[in-house]
Novice: 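Attaching a single structure in structure tokens format; questions to follow.
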Protein chains: 2
Amino acid sequence: MPETARRPESHRYGNRPTMKDVAARAGVGLKTVSRVVNGEPGVTADTERRVQEAIEALGFRRNDSARVLRKGRTASMGLVLEDLADPFYGPLSRAVEEVARAHGTLLFNGSSAEDPEREQELALALCARRVDGLVIIPAGDDHRYLEPEIRAGVATVFVDRPAGRIDADVVLSDNHGGARAGVAHLIAHGHRRIGFIGDMPRIHTAAERLRGYRTAMEDAGIPVAPSWTSLGVTDPERVRRAAEEMLSGPEPVTAIFAGNNRVTITVVRVLAELSRPVALVGFDDFELADLLRPGVTVVAQDAALLGRTAADRLFRRLDGSLVAPERIELPTRLITRGSGELPPAG
Amino acid sequence: MPETARRPESHRYGNRPTMKDVAARAGVGLKTVSRVVNGEPGVTADTERRVQEAIEALGFRRNDSARVLRKGRTASMGLVLEDLADPFYGPLSRAVEEVARAHGTLLFNGSSAEDPEREQELALALCARRVDGLVIIPAGDDHRYLEPEIRAGVATVFVDRPAGRIDADVVLSDNHGGARAGVAHLIAHGHRRIGFIGDMPRIHTAAERLRGYRTAMEDAGIPVAPSWTSLGVTDPERVRRAAEEMLSGPEPVTAIFAGNNRVTITVVRVLAELSRPVALVGFDDFELADLLRPGVTVVAQDAALLGRTAADRLFRRLDGSLVAPERIELPTRLITRGSGELPPAG
DNA sequence: TAGAGCCTGGACAACGTTGTCACGGGCGGG
DNA sequence: CCCGCCCGTGACAACGTTGTCCAGGCTCTA
């Protein structure tokens with residue numbers, strides 16, 4: 001009786017038909033409906049037809065939440081990145097999604113906005129949903145809060161920046177080598193006074209790129225003047241000031257290495273207003289870099305490959321791989337377009 | 001040999017402690033743990049402390065899947081968009097996320113890749129997870145498959161393009177008005193032979209923009225030659241051919257209106273190789289449009305506002321709003337940068 | 001034709017949580 | 001001093017699904 005009363009005659013919102021309702025309507029047992037829905041064997045064609053009709057008539061859709069509770073695996077994963085709106089993360093995110101899709105897994109997405117607290121909050125919320133795995137672009141530098149989760153079986157892979165104070169899989173670009181190659185490229189074109197503008201060194205990628213700059217300069221036996229490096233500037237106005245400063249003064253730089261794509265673009269703006277040519281190489285490729293005059297020479301990392309590699313790694317873990325956590329470094333590629341090949345002026 | 005042995009018991013949730021375990025360890029009842037975890041009143045300070053200690057010691061984290069099953073609301077929503085890697089959708093996605101976050105809701109993300117079947121598959125998978133709501137950027141033009149879901153209470157809002165064959169909330173840009181204004185701008189600068197290159201007219205936005213072009217031309221009393229409009233071209237190679245075609249011939253256009261940002265960028269490339277100046281206005285803004293020479297004049301839509309508006313609408317529905325489904329059109333903005341103000345040549 | 005084996009279908013418990021309700025003890029007021 | 005009330009606590013059912021196991025009915029063979 002109570003079952004009949006719960007029939008979805010009522011168009012009450014939020015009251016969806018369940019397998020029980022379908023079973024009642026089809027005149028079969030609950031488990032038989034489950035079998036039909038999951039394509040399990042052991043149901044006659046006639047019974048199956050009756051069940052299908054009932055499903056159709058009621059607009060039944062299996063409740064995967066309940067399924068998950070019973071089965072253990074949720075077939076979902078989380079991606080915590082820095083900012084969905086940043087064009088660098090679009091392709092990365094998309095690549096992770098494609099791998100997830102290939103494994104029949106849905107993807108939760110969230111932005112940390114470069115705030116460690118928010119990263120943690122997000123990651124733990126995802127764990128509470130019992131995602132099978134996490135791909136994290138770290139904002140913070142201490143990830144011990146994830147220890148119980150990882151121990152409990154949440155496959156976790158860090159991308160773009162290493163994990164802090166825990167042992168986990170990490171997929172990085174070769175930031176040091178890329179920056180080194182980019183700066184060496186400028187040196188090879190005759191520059192000696194080369195500036196570096198980058199993000200706060202507490203961000204691992206920024207620190208590594210700075211290190212690459214220093215290595216290249218050292219390789220060439222060029223001492224670096226303090227006024228040539230500018231760290232921790234990220235908003236356009238301060239980047240502009242930093243660039244203008246190193247371009248004036250007694251020993252102005254003849255070339256600039258920009259530590260990430262946002263910096264690069266601002267520097268392009270500054271240089272466009274200048275009368276003399278200044279060489280520029282930027283870390284990270286960006287759309288339209290080839291359309292500018294001159295085209296912008298960049299050290300490109302493959303965001304999609306980063307994402308794909310991380311996701312592959314994650315699913316290998318979920319499939320039971322027990323190899324020790326690994327640090328994978330992907331190579332970068334120097335793309336010459338003109339701005340990095342300008343000779344020193346003055 | 002039994003299939004049950006295939007997945008070791010330890011692989012289920014990875015042996016996560018449950019409230020029952022916490023209760024046993026703290027020497028209290030199950031429900032008391034629940035009360036502590038949810039901050040419900042009616043627990044003495046001493047009991048609460050014991051429970052907290054047990055939680056800490058075991059590394060317990062509430063299973064929100066089970067919670068959801070019991071409570072009905074999942075505090076999660078889905079966003080189905082065309083391509084996460086497309087820079088236009090980054091800010092939109094981010095805006096939706098911010099609103100979701102403000103409502104304590106997690107966001108599932110998925111790309112349809114402009115494939116109606118994949119859109120449906122994704123949307124229904126999300127419904128099976130019992131998301132509270134959906135924001136969809138439609139790829140297909142028939143969304144009747146969502147009818148049972150909407151009736152069951154899944155708040156659904158369509159963005160950027162209208163829903164097909166069902167009555168639902170829609171948030172759009174004023175594609176017709178924007179294109180009309182953009183073309184009128186060209187006409188105001190003396191152009192009469194104006195070309196239009198856009199996507200397939202089966203895509204609503206493309207059709208509306210074409211209509212805007214025709215309206216503007218009609219307003220000015222300019223008959224449109226068939227060779228001036230090129231529809232359904234989207235890959236760079238064909239856009240290039242289309243542009244070159246309308247720029248040669250007996251009656252070459254002196255200006256081009258580009259139907260979306262990908263077309264615009266390709267046209268910029270084509271025009272860069274040309275000796276004579278050709279005016280250009282594009283639909284959709286893009287980064288660096290101001291850095292090109294000349295800067296590219298565009299009709300800009302506010303992607304973030306689109307996303308925010310849609311998400312707001314969705315949560316208003318979830319809060320019980322019962323107003324009839326509505327169609328919201330957001331205004332566009334003409335940004336002049338140079339390319340649209342070139343006078344007709346020849 | 002009886003027994004064995006197979007196939008179909010259903011009853012029931014379990015997943016981890018929350019809502020309901022009942023119980024016992026301490027306390028204040030009559 | 002006793003009654004009733006409130007407060008802290010816990011037992012139990014329910015959420016919707018799947019895994020296990022068993023009951024019948026059928027076919028096949030000896």
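Per chain, numbering begins at 1; letters A, B, ... match sequence-line order.
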Novice: How many whole angstroms separate atom CZ of B/Arg67 from atom P of D/dT17?
Specialist: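 It works out to 21 Å between those atoms.
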Novice: State whether the distance check finds a donor on one side and an acceptor on the other, under 3.5 Å, for side chain B/Lys20 versus base C/dG16.
Specialist: no
Novice: Restricting to pairs with a member in residues 101-110 of chain A, which pass side-chain hydrogen bond (donor to acceptor under 3.5 Å, both in side chains), not counting sequence neighbours?
Specialist: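 Residue pairs with at least one partner in residues 101-110 of chain A: A/Arg101-B/Glu121.
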Novice: Look at the side chain of B/Met19 and decide which nucleotide, out of C/dT17, D/dG16, C/dA11, has an atom nearest to it.
Specialist: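 For the B/Met19 side chain, the nearest candidate turns out to be C/dT17.
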Novice: Just jot down the side chain to side chain donor-acceptor pair (under 3.5 Å) partners of A/Asp64, sequence neighbours excluded, or say none.
Specialist: A/Arg62
Novice: Using the ring pair (Phe, Tyr, Trp, His ring centres under 6.0 Å) criterion, which residues pair with B/Phe88? Sequence neighbours excluded.
Specialist: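 Ring pair (Phe, Tyr, Trp, His ring centres under 6.0 Å) check on B/Phe88 returns nothing, list empty.
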Novice: Specify the separation, in whole Å, of atom CG of A/Asn63 and atom C1' of D/dT18.
Specialist: 13 Å
Novice: Output side-chain donor-acceptor pairs under 3.5 Å for residues 20-32 of chain B, partner residues at least two apart or in another chain, one line each.
Specialist:
{"residue": "B/Asp21", "atom": "OD2", "partner": "B/Thr18", "partner atom": "N", "Å": "2.8"}

Novice: To the nearest Å, give me how far apart NZ (A/Lys31) and P (C/dA11) are.
Specialist: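 Taking NZ of A/Lys31 and P of C/dA11, I get 13 Å after rounding.
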Novice: Starting at atom CG of A/Leu69, determine the distance to atom C1' of C/dG16, rounded to an integer number of angstrom.
Specialist: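 Rounding to the nearest Å, CG of A/Leu69 and C1' of C/dG16 are 6 Å apart.
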Novice: Between D/dT17 atom P and A/Arg62 atom CZ, what is the distance in whole Å?
Specialist: 9 Å
Novice: If you pin B/Ala66 and B/Gly27 to their nearest nucleotides in DNA chain D, which one's is more 5'?
Specialist: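 Going by which nucleotide is closer to the 5' end, it is B/Gly27.
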Novice: Picking from B/Leu314, B/Leu134, B/Leu318, what satisfies side-chain contact (heavy atoms from CB on, under 4.5 Å) with B/Val154?
Specialist: B/Leu134
Novice: How is B/Asp64 classified with respect to the nucleic acid when contacts are heavy atoms under 4.0 Å: base, sugar-phosphate, or nothing?
Specialist: nothing
Novice: What's the CG-C1' distance between B/Leu30 and D/dA13, to the nearest Å?
Specialist: 12 Å
Novice: Nearest 0.5 Å, what's the CG-CG distance between A/Leu124 and A/Leu146?
Specialist: 6.0 Å
Novice: Might you list the N or O atoms of the protein lying below 3.5 Å from N or O atoms in nucleotides 7-9 of chain D, with each pair's distance?
Specialist:
{"residue": "D/dT9", "atom": "OP1", "partner": "B/Thr44", "partner atom": "OG1", "Å": "2.9"}
{"residue": "D/dT9", "atom": "OP1", "partner": "B/Thr47", "partner atom": "OG1", "Å": "2.4"}
{"residue": "D/dT9", "atom": "OP2", "partner": "B/Thr44", "partner atom": "N", "Å": "3.0"}
{"residue": "D/dT9", "atom": "OP2", "partner": "B/Thr44", "partner atom": "OG1", "Å": "3.4"}

Novice: What is the distance, to the nearest angstrom, from the CZ atom on B/Arg130 to the P atom on C/dT17?
Specialist: 21 Å
Novice: Taking side-chain hydrogen bond (donor to acceptor under 3.5 Å, both in side chains) as the cut-off, I'd like each qualifying pair that reaches into residues 50-61 of chain B, sequence neighbours left out, listed once.
Specialist: A/Glu149-B/Arg61, B/Asp46-B/Arg50, B/Arg49-B/Glu53
Novice: What is the distance from CD of A/Glu40 to C1' of D/dT20, rounded to the nearest Å?
Specialist: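 My rounded result for the distance is 12 Å.
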Novice: Classify A/Ser34 by what it touches in the nucleic acid, base, sugar-phosphate, or nothing, heavy-atom distance under 4.0 Å.
Specialist: base
Novice: Is the phosphate of D/dG19 approached by A/Lys71 (side-chain N or O, under 4.0 Å from OP1 or OP2)?
Specialist: yes
